[in-house]
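Have a look at the structure below, then the notes.
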There are 2 protein chains.
Amino acid sequence: MNYSRQREAIVNFLRSAKVKHPSADIVYVNVRKSFPNISLGTVYRNLNLLAQKGEISKVKLPSDADRFDHNTEPHFHIICENCGQIEDVGSGLVNIDVMSIERLSGFSVDSGRIVLKGLCPECRKKLSPTKKKEEKK
Amino acid sequence: MNYSRQREAIVNFLRSAKVKHPSADIVYVNVRKSFPNISLGTVYRNLNLLAQKGEISKVKLPSDADRFDHNTEPHFHIICENCGQIEDVGSGLVNIDVMSIERLSGFSVDSGRIVLKGLCPECRKKLSPTKKKEEKK
DNA sequence: TATAAAAACAGTAATTGTTATTATTTTTAA
DNA sequence: TTAAAAATAATAACAATTACTGTTTTTATA
């Protein structure tokens with residue numbers, strides 16, 4: 001599936017783990033080091049294509065740019081409300097009572113993706129005792 | 001806090017429960033029935049203001065417009081991947097192992113809001129045996 | 001290999017949900 | 001009753017993303 005050199009550079013960057021859950025824009029600026037003419041549209045197209053093929057996964061966030069993850073194993077994420085940094089959360093740490101939800105709501109539940117919110121270690125330190133961070137609108 | 005007539009109309013529409021978890025746009029077209037000149041900006045400003053004051057709550061979704069909820073009690077949501085309809089999910093039905101997550105990730109966890117994905121009863125019927133719905137990009 | 005069809009590309013324009021700006025109107029309070 | 005403050009309508013700006021277009025690259029096949 002890795003025909004084009006641009007696509008290969010994109011997937012390689014993701015797997016290199018230089019940046020952990022990069023947005024398309026971060027991928028763009030990095031891949032540009034080896035492909036100065038690559039277009040942002042190409043980055044988006046390939047990231048989506050790779051996600052669709054299951055070679056990477058896409059992490060959609062509320063009010064923030066999508067992130068991309070070379071780890072396709074099932075797991076959840078937590079995002080720092082202050083700086084936007086994302087960390088993995090093992091899928092065993094969130095328990096969803098699928099049966100009850102389906103019974104009560106009538107929905108079928110796809111428990112695949114969950115994004116928790118919180119504060120990363122660095123931002124905890126920065127913001128901790130003095131000022132309580134204001135709620136994000 | 002309900003000074004302006006427009007703001008009152010907005011909060012009244014939300015509480016009327018004619019539509020369950022409307023987006024700003026849905027609020028806009030409905031409030032326009034009584035205030036034909038109201039501006040979309042006014043709707044957004046007031047919805048955000050009301051959410052900030054805690055009179056309503058804002059439900060942020062990945063890759064979809066924010067929704068607004070007159071119910072400010074703590075609870076989660078599930079969104080239909082096919083039609084976007086949202087339903088409440090009691091907060092007892094999702095269990096987050098906050099202690100372990102905090103220990104393993106170093107993050108502090110704000111377990112406030114979670115949005116699950118699934119299929120609402122209507123879309124289940126529509127899509128069920130024949131065609132398996134395609135993954136949303 | 002040559003070459004035609006298919007795929008991918010760069011660059012740019014368009015879309016969508018939302019926020020910011022601005023000049024005007026409404027509300028509040030002295 | 002009138003000046004200051006707040007809110008408004010209308011519109012522009014914005015950010016993330018997708019769509020479009022004409023060109024280049026890749027692939028497959030003769």
Side-chain angles (χ1 to χ4, degrees), chain A residues 1-13 19 21-53 55-68 79 83-84 86 115 134-137, chain B residues 1-13 19 21-53 55-69 79 84 86 115 134-137:
Chain A
M1 143 99 193
N2 290 336
Y3 345 97
S4 87
R5 296 170 303 137
Q6 288 90 335
R7 184 173 306 154
E8 207 158 345
I10 289 168
V11 81
N12 283 343
F13 172 71
V19 182
H21 293 87
S23 64
D25 206 66
I26 298 294
V27 175
Y28 177 58
V29 303
N30 278 278
V31 172
R32 229 137 74 106
K33 292 171 188 164
S34 28
F35 288 85
N37 294 336
I38 198 171
S39 138
L40 184 55
T42 298
V43 172
Y44 271 104
R45 184 166 28 73
N46 280 303
L47 287 171
N48 284 327
L49 202 78
L50 289 161
Q52 197 184 300
K53 302 278 181 191
E55 300 204 22
I56 64 174
S57 64
K58 186 172 181 172
V59 184
K60 291 184 181 185
L61 304 172
S63 321
D64 205 345
D66 298 341
R67 311 297 175 85
F68 297 87
I79 179 168
C83 71
I86 287 188
V115 179
E134 69 177 297
E135 192 62 22
K136 262 209 187 136
K137 276 161 259 156
Chain B
M1 143 98 192
N2 291 336
Y3 344 97
S4 86
R5 297 170 303 136
Q6 289 90 335
R7 185 173 306 153
E8 208 156 342
I10 289 168
V11 81
N12 283 343
F13 172 71
V19 181
H21 294 86
S23 63
D25 206 66
I26 298 295
V27 175
Y28 176 58
V29 302
N30 278 277
V31 172
R32 227 136 78 104
K33 292 170 188 165
S34 28
F35 287 85
N37 293 337
I38 198 172
S39 137
L40 183 57
T42 299
V43 172
Y44 271 105
R45 184 168 26 75
N46 280 304
L47 287 170
N48 284 327
L49 203 77
L50 289 160
Q52 198 183 300
K53 302 279 180 190
E55 300 204 22
I56 64 174
S57 64
K58 186 173 182 172
V59 184
K60 291 185 181 185
L61 304 172
S63 321
D64 205 344
D66 297 342
R67 311 297 175 85
F68 296 88
D69 193 348
I79 180 170
I86 288 187
V115 179
E134 70 178 295
E135 193 62 24
K136 261 205 187 137
K137 273 160 258 155

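Within every chain, numbering begins at 1; the chains are lettered A, B, ... in the order of the sequence lines, protein sequences first and strands thereafter. These values consider heavy atoms only, across backbone and side chains, with no hydrogens, waters or symmetry-generated copies.
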Looking at [options], which one has an atom nearest to any side-chain atom of [X]?
X	options	answer
A:Asn37	C:dA10, D:dA7, D:dA9	C:dA10
B:Arg7	C:dC9, D:dA7, D:dT18	D:dA7
A:Asn48	D:dT18, C:dG11, C:dA8	D:dT18
B:Ala65	C:dC9, C:dT18, C:dA10	C:dT18
A:Lys58	C:dT19, D:dT18, D:dT8	D:dT18

Distance test, side-chain N/O of [X] to OP1/OP2 of [N], below 4.0 Å:
X	N	result
A:Tyr3	D:dT26	no
B:Gln6	C:dT26	no
B:Ser39	D:dA10	no
B:Tyr44	C:dT18	yes
A:Arg5	D:dT26	yes

*Taking side-chain contact (heavy atoms from CB on, under 4.5 Å) as the test, write out the residues that go with B:Arg5, two or more places apart.*
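side-chain contact (heavy atoms from CB on, under 4.5 Å) check on B:Arg5 returns B:Phe35.
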Nearest whole Å is fine: how far is [N] [atom2] from [X] [atom1]?
X	N	atom1	atom2	result
B:Ile38	C:dT24	CD1	P	21 Å
A:Glu8	C:dA7	CD	C1'	16 Å
A:Ile10	C:dA8	CD1	C1'	11 Å
A:Leu49	D:dA19	CG	P	14 Å
B:Gln52	C:dT18	CD	P	16 Å
A:Lys60	D:dA16	NZ	P	16 Å
A:Asp66	C:dG17	CG	C1'	14 Å
A:Phe35	C:dC9	CZ	C1'	11 Å

*asked:* Base, sugar-phosphate or nothing for A:Leu40? Non-hydrogen atoms, less than 4.0 Å.
replied: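 Touches a base.
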*Taking the side chain as C-beta and beyond, is there a heavy-atom pair between A:Asn48 and A:Lys58 under 4.5 Å?*
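A side-chain contact exists here, since the closest heavy-atom pair is under 4.5 Å.
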*Side-chain heavy-atom pair B:Ile38, B:Ile10 within 4.5 angstrom cut-off*: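 Yes, close enough: below the 4.5 Å cut-off.
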*Check side chain to side chain donor-acceptor pair (under 3.5 Å) between B:Ser57 and all other residues, then give those that pass, not counting sequence neighbours.*
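None.
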*Could you say whether A:Arg45 or A:Ser23 is positioned toward the 5' end of DNA chain D, judged by the nucleotide with the nearest heavy atom to each?*
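Going by which nucleotide is closer to the 5' end, it is A:Ser23.
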*Which heavy atom of A:Lys60 sits nearest a heavy atom of B:Ser63, and at what distance?*
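So the minimum-distance heavy-atom pair works out to CD-OG, 3.1 Å.
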*Looking at B:Phe13 and B:Val27, what are the two nearest heavy atoms and their distance?*
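Nearest heavy atoms, B:Phe13 then B:Val27: CE2-CA, 4.0 Å.
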*Establish whether the base of D:dA7 is bridged to the side chain of B:Ser4 by a donor-acceptor pair shorter than 3.5 Å.*
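There is none.
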